[in-house]
Every structure is written in C-alpha cells, then in structure tokens.
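Heads up, the thing below is written out as structure tokens.
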Amino acid sequence: VRFNNAISTAAASNVVTVTTPNAHGWETGDFVAVARLDDANPVDGIPSVGEINGVHAITVTVASTFTFTTTTFFTSTC
C-alpha cells in the first residue's frame, strides 16, 4: 500500500507517525515495512536509509494512525 506525505515527526523525538487515508486495520505489535524513501529527502533529519526504511513494530494510536521509533531523533528546524 502506498501513502503519500504520510510520515511526520515531533521535535526532540524519535517517534515517527504515519497517518493513512483510511482505517488501516492493524494492531499494536504488528509489523509494517517502509521502503522507497531515500536520504536525499530525510524526514525531519532522520535518515531514511537505515532508519525509516525497514520493518518496524508499530503502536496504533487511532484507526488511521500508527507510530514506530528510530534511533535518530528529530533534528529539523523548519
């Protein structure tokens, strides 16, 4: 499934939030694979290769949103 502009972060955090256009049906503890992001466009300073791209255990926050953590913290100031 492809989601455009679905990934966000919060300042001083290593939690990545993904919002889907509709309810996704996943549960906390499920795994999702994130792919096709490149380091030319890191997400708020978190490198895509090796951090965001990969398989992640998720925490479901609402029916259309889940989170996962990275080892790198948000660093962007824009």
Quiz item: Between His56 and Glu51, what is the shortest heavy-atom contact and its length?
Solution: CE1-O, 3.2 Å

Quiz item: Below 6.0 angstrom between ring centroids: does that apply to His24 and Phe66?
Solution: yes

Quiz item: Where do Thr70 and Asn14 come nearest, in terms of heavy atoms and distance?
Solution: O-ND2, 2.6 Å

Quiz item: Heavy-atom distance under 4.5 Å between the side chains of Val32 and Trp26, does that happen here?
Solution: yes

Practice problem: Report the residue from Thr59, Ile7, Thr65 that forms a side-chain contact (heavy atoms from CB on, under 4.5 Å) with Thr17. | Solution: Thr65

Quiz item: Any donor-acceptor pair under 3.5 Å linking the side chain of Thr67 with the backbone of Val15?
Solution: no

